[in-house]
Structures are given as structure tokens and as C-alpha cells.
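Read the structure below first, then the notes.
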Amino acid sequence: MATEALSTPNDYLPILIQLIVAAGFGIGTILITHLIGPKVRTENKLGAFESGIEVVGNARQPFSIKYFMVAILFVIFDIEVIFMYPWAVNFREFGLSGLIEMFVFMALLLLGFIYVIKRKALEWD
């Protein structure tokens with residue numbers, strides 16, 4: 001018969017301390033910057049600012065979504081690459097089946113990349 005260790009409130013104390021420190025840091029940083037930061041409010045500082053370009057015209061006009069497509073594709077492929085790190089750390093333990101699974105994963109990644117290139121999603125024209 002296996003005995004199970006019961007959790008006590010003492011076991012959760014480090015997590016509670018970490019939550020308090022994290023919340024305290026966030027709240028403290030906001031309060032300190034509000035108290036000691038500059039308070040000069042001019043029309044220029046309160047105006048909308050995006051990428052160094054002055055706002056002109058209607059914000060609802062259509063625009064190209066190429067930037068967003070490239071950003072989303074970068075995130076997707078970046079996340080897929082992140083999945084390779086745990087595999088690389090445990091490479092020897094997985095043996096031949098782990099190697100085959102990674103080749104299948106890489107093949108799917110390559111197919112996705114070829115699809116993106118064929119659809120010309122990475123071209124800025």
C-alpha cells in the first residue's frame with residue numbers, strides 16, 4: 001500500500017510569497033513612476049503617436065495586411081521551433097522512435113513553409 005504525502009499549507013508558502021512579491025513589484029513600479037515621473041501635459045504629448053507617423057485621415061480606411069501575416073507566421077514557426085528544445089534535451093532517451101517523430105514534425109514544418117512560399121505570403125509587393 002503506497003502512502004501519499006498530504007499537502008500542508010506550509011507547502012504553498014513559497015508560491016504565496018512569489019505572488020505577493022510579483023504583485024508588489026507591479027503595483028510598486030506603477031506607483032513610483034506616477035509619483036516621481038514628469039507631469040508636463042502638452043497637446044503634443046497627449047496626441048496619438050504610432051511608429052513616428054502623424055495621424056492623418058480616417059483610421060478606418062483599408063490597408064495591406066502583409067505585416068500582420070508575416071508577424072503571425074513568425075510566431076507560428078517560432079513556437080514550433082520552441083517545441084524542439086525539450087526534444088533536443090531528451091534526445092538520447094527517445095531513441096529511434098523519437099528521431100522518427102522529429103523527422104515527421106520537421107516534414108510537416110517544411111510542408112507548411114512551402115505552402116506559405118507558394119501562397120506568396122512573405123512577399124511585400
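- Residue Phe77 qualifies as enclosed at atom CZ: its count of foreign heavy atoms under 6.0 Å is above 12.
- Here the OG1-CG distance, from Thr8 to Leu13, works out to 9.5 Å after rounding to the nearest 0.5 Å.
- Apart from Ile76 itself, the hydrophobic cluster it occupies contains Ile72, where clustering links Ile, Leu, Val, Met, Phe, Trp and Tyr at side-chain heavy-atom distances under 4.5 Å.
- With a 6.0 Å radius and a threshold of 12 heavy atoms from other residues, nucleotides or ligands, Lys39 has its NZ atom above the threshold.
- Atom NE2 of His34 and atom CD1 of Ile32 lie 12.5 Å apart (nearest 0.5 Å).
- Here Phe83 and Trp87 keep their ring centres 6.0 angstrom or further from each other.
- Taking the side-chain contact (heavy atoms from CB on, under 4.5 Å) definition, one finds that Ile114 meets it with Leu110, Lys118, sequence neighbours left out.
- Other residues, nucleotides and ligands contribute over 12 non-hydrogen atoms within 6.0 Å of the CE atom of Met84.
- Other residues, nucleotides and ligands contribute over 12 non-hydrogen atoms within 6.0 Å of the CZ atom of Phe94.
- Distance CD1/Ile79 to CZ/Phe74: 10.0 Å, rounded to 0.5 Å.
- Crowding of Phe105 atom CZ: a count of heavy atoms from other residues, nucleotides or ligands under 6.0 Å exceeding 12.
- Through direct or indirect side-chain contacts shorter than 4.5 Å among Ile, Leu, Val, Met, Phe, Trp and Tyr, Ile30 is connected to no other residue.
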